[in-house]
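So you know, we letter chains A, B, ... as the sequences are listed, proteins then strands, and number each from 1. All heavy atoms count here, side chains included; hydrogens, waters and symmetry mates do not.
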Amino acid sequence: MADQQQSFRAPRGVADILPDDQTLWRAVKSTAILTARQFGYRQIDTPVFEHTSLFRRGVGDETDIVQKEMYSFDDLGGESLTLRPEGTAPVCRSYIEHGMHNLPQPVRLYYIAPMFRYDRPQAGRYRQHHQFGCEAIGDPSPTIDAEIIEIGLHYIKNLGLSDVTVRINSIGDSDTRHTYADELRNHYTRYANDLPKVDRDRLDRAPLRLLDSKEPATQKLSAEAPKSLDYLSSEARVHWESLLEILDSLKTAYPKFSYRIDHTLVRGLDYYNRTVFEFEPSTEGSQTSLFGGGRYDPLIGILGGNPTPGVGFGSGIERIILEIQRQESLNVEDPPLNAVMVHVGETATKRASSLAAELRNHGVSVLLAPSGKSMRAQMRYANRANANYAIILGNREIEQNAAAIKPLQFDGDQDMVTLDAHKIANHIAPAD
RNA sequence: GUGGGCGUAGUGUAGCGGUUAACACGUCAGGUUGUGGCCCUGAAGAUCGAGGGUUCGACUCCCUCCGUCCACCCCA
């Protein structure tokens, strides 16, 4: 308010992750990392921006992401760059660029990274959001499709989330998908008069989308619509059926796990083929997809690499956090600091700084109470600081060459300890 | 891009056509001699989202804009 001119706020659809939020964020991220590692995935970070053409080609020129959601800009050299809207295309670019086909296949990679989409913000949807993603590149077998789904089960379980529904489908390979799309178009065109306007509009552009329309009239028609599973090539069918078998066999390790084959499940990115899946909570809501992905065998070829199969998923951290809060499934607290240094008087203040520095060298975490304030004020500060002990330095202590050490988190006596970092460190954080 | 709800101190809320715009939490300072948590006292902090109208008078009514939330679209 001191500034009469203007006050800034974060741009639309982006958010600060404040210290209070970080506790949960850290817990979720470390769960993600532990999960990925448990499956042998290794971390990869790709740049926040890429050549615009990477997404135009990889994600698909006709997709909504490319058509209307990209943060694209020309840099000072006239290069068109784009803030990454999704993680798979960049990882595949990196795979090709660094010749990862020379590594043992499949190459298993994970990332936790911000994504950017120019979208209208709403619950669980932001212009910058963060995704935990895994990609397994170089293995055509359904085993690896199942592995990717299993990572999701493991992740969700470790976060304490329950009531999560897994939906899967196979959309076939690109050739059969085209004939399927035509069949679908024919089906809906027959009832074009019954279609709501939104759906009539996208009938040509994206017939698959009508399958998961929210319009009751369309839903009625979708029940009778041809299913992609009936159009699979024999190879795709074998792949699909053995995937289901493997998923069934996962039930010994995950007794509560069940999946639903959902022929209305389609995905909006062009590179997907065969397996597609989505995890969502059973609770009502709108932007609820917690985890989604599928197989993208055509992608590496599209991006100029040797044709190489891949599967992967992305999972929105913000949505996971919303769901954790809804289900109250995870209770995390930051560990307390070891000590707060309370110091009154010039000499004491000086000594407090040097003592704190020495203590930190002993691995102790120390916070200085604000200088020049009364002891009461500093003790009040110490109380809010979430620390185990107050180390009190005043004239008396300096005279006695000692520090008063008072427990803050439990009732106990205040001790006088010789003013020596090693002794004090031992007192407040004894080495086990 | 389309539709709906909402916009009062840092946060959460109250309020009414005329009030010094209230309360809680938080912040800061105190509560005699250097020691937190509870309690008590006091202070700072809001041009009541912005602009325009209606009115003698608007935080309160109307319009526009902006922001925000929710929904569609799409997705994580």
One thing to verify: whether A/Glu399 and A/Arg396 come together as a salt bridge, which I'm taking to mean a side-chain N less than 4.0 angstrom from a carboxylate O. no

Would you mind telling me which of B/C75, B/U35, B/C74 lies closest to the side-chain atoms of A/Met375? B/U35

Presence of donor-acceptor pair under 3.5 Å, side chain of A/Gln409 and base of B/G37: no

Counting only Watson-Crick pairs (N1-N3 plus N6-O4 or O6-N4) and G-U wobbles (N1-O2, O6-N3), all under 3.5 Å, who is the partner of B/C59? none

C1' gap between B/U20 and B/A9, integer Å: 16 Å

Measure from the side chain of A/Lys406, starting at C-beta and using heavy atoms only, and say which of B/C74, B/U35, B/A76 lies closest. B/U35

May I ask you to verify whether the side chain of A/Arg396 and the base of B/G34 hold a donor-acceptor pair under 3.5 Å? yes

Pick base, sugar-phosphate or nothing for A/Phe291, based on heavy-atom distances below 4.0 Å to the nucleic acid. sugar-phosphate

I need the single residue from A/Met341, A/His343, A/Lys350 that forms a side chain to side chain contact (heavy atoms under 4.5 Å, CB included) with A/Leu355. Which is it? A/Met341

Between B/U2 and B/A24, how many Å separate the two C1' atoms, rounded to a whole number? 40 Å

Which one, B/U35, B/U68, B/C75, comes nearest to the side chain of A/Leu269? B/C75

Chi angles and distances behind the side chain to side chain contact (heavy atoms under 4.5 Å, CB included) call for A/Leu303, A/Ile96: CA-CA 8 Å; A/Leu303 296 180; A/Ile96 299 166; 3.7 Å; yes

When rounded to whole Å, the CZ to P distance for the pair A/Arg12 and B/G7 reads 18 Å

Please determine, for the side chain of A/Asp119, which listed nucleotide (B/C74, B/A29, B/C75) has the closest atom? B/C74

Value in whole Å for how far the C1' atom of B/C75 lies from OH of A/Tyr126: 13 Å

When the P atoms of B/G30 and B/G36 are considered, how many whole Å apart are they? 13 Å

Counting Watson-Crick and G-U wobble pairs only, both distances under 3.5 Å, name the nucleotide matched with B/C38, or none. none

Atom C1', compared across B/G1 and B/U19: separation rounded to whole Å: 45 Å

Only pairs with both distances under 3.5 Å count, Watson-Crick or wobble alike; so what is the partner of B/G1 in this structure? B/C72

B/G49 and B/C59: how far apart are their C1' atoms, nearest whole angstrom? 12 Å

Using the side chain to side chain donor-acceptor pair (under 3.5 Å) rule, pick out the option among A/Arg57, A/Arg295, A/Glu86 that qualifies with A/Tyr271. A/Glu86

Can you find a donor-acceptor N/O pair under 3.5 angstrom joining the side chain of A/Arg120 to the base of B/U2? yes

Upstream residue (5' side of RNA chain B) when A/Leu290 and A/Gly13 are each assigned their closest nucleotide: A/Gly13

Would you mind reading off the distance between A/Gln131 atom CD and B/C75 atom P, rounded to a whole angstrom? 12 Å

Verify side chain to side chain donor-acceptor pair (under 3.5 Å) between A/Ser213 and A/Asp199, making sure each step is shown before the conclusion. CA-CA 8 Å; A/Ser213 171; A/Asp199 285 330; 2.7 Å; yes

Choosing from B/G34, B/G31, B/C72, which nucleotide comes nearest the side chain of A/Arg125? B/C72

What's the closest nucleotide to the side chain of A/Ile392 if the choices are B/C28, B/G34, B/C39? B/G34

Donor/acceptor link under 3.5 angstrom from A/Arg384 side chain onto base of B/G36: no

Applying a 4.0 Å non-hydrogen cut-off, can you work out what A/Arg267 is touching in the nucleic acid: base, sugar-phosphate, or nothing? sugar-phosphate

Applying a 4.0 Å non-hydrogen cut-off, can you work out what A/Pro407 is touching in the nucleic acid: base, sugar-phosphate, or nothing? base

Which one is paired to B/G12, where only Watson-Crick or G-U wobble pairs with both distances under 3.5 angstrom count? B/C23

Which part of the nucleic acid, if any, lies within contact of A/Glu278, taking any heavy atom under 4.0 Å across all strands shown: a base, the sugar-phosphate backbone alone, or nothing? nothing

Geometric class of the A/Phe291/A/Phe279 ring pair [parallel <30°, tilted 30-60°, perpendicular >60°]: tilted

Please report the distance separating the C1' of B/G51 from the corresponding atom of B/G7, rounded so that it comes out in whole Å. 15 Å

Hey, does A/Asp411 reach any base, or is it just sugar-phosphate, or nothing, if we go heavy atoms under 4.0 Å? base

Does A/Gln378 get its side chain close enough to the base of B/U35, under 3.5 Å, for a donor-acceptor pair? no

If I pick the P atom on B/U55 and the same atom on B/C62, what distance separates them, to the nearest angstrom? 16 Å

Name the residue from A/Gln131, A/His130, A/His129 that meets the side chain to side chain donor-acceptor pair (under 3.5 Å) definition with A/Glu318. A/His130

Gap between atoms CG and P, on A/Asp212 and B/C73 respectively (whole Å): 8 Å

Please state how far atom CZ in A/Arg9 lies from atom P in B/G49, giving the value in whole angstrom units. 12 Å

Pairing nucleotide - B/G67, Watson-Crick or G-U, each distance under 3.5 Å: B/C6

Atom OH of A/Tyr118 and atom C1' of B/C73 are separated, to the nearest Å, by 14 Å

5'-most by nearest nucleotide on RNA chain B - A/Ser374 or A/Leu393: A/Ser374

Examine A/Arg127 relative to A/Tyr118 and say whether NZ or CZ is less than 6.0 Å from the centre of the six-membered ring and inside a 45° cone about the ring axis. yes

Length of the CZ-P vector between A/Phe277 and B/A76, whole Å: 10 Å

Check: A/His362/A/Asn426 side-chain N/O donor and acceptor closer than 3.5 Å: no

Roughly how far apart, to the nearest Å, are B/C48 and B/G17 at atom C1'? 15 Å

Rounded to the nearest angstrom, tell me the gap between atom CD in A/Glu318 and atom C1' in B/C69. 17 Å

On the nucleotide B/A71, are OP1 or OP2 found under 4.0 Å from the side-chain N or O atoms that A/Gln122 carries? yes

Looking only at N and O atoms, is any donor in the side chain of A/Lys68 or the base of B/G1 less than 3.5 Å from an acceptor on the other one? no

Indicate, with a heavy-atom threshold strictly under 4.0 Å, whether A/Ile317 touches base, sugar-phosphate, or nothing. nothing

Do the side-chain N or O atoms of A/Arg376 get closer than 4.0 angstrom to the phosphate oxygens (OP1, OP2) of B/G30? no

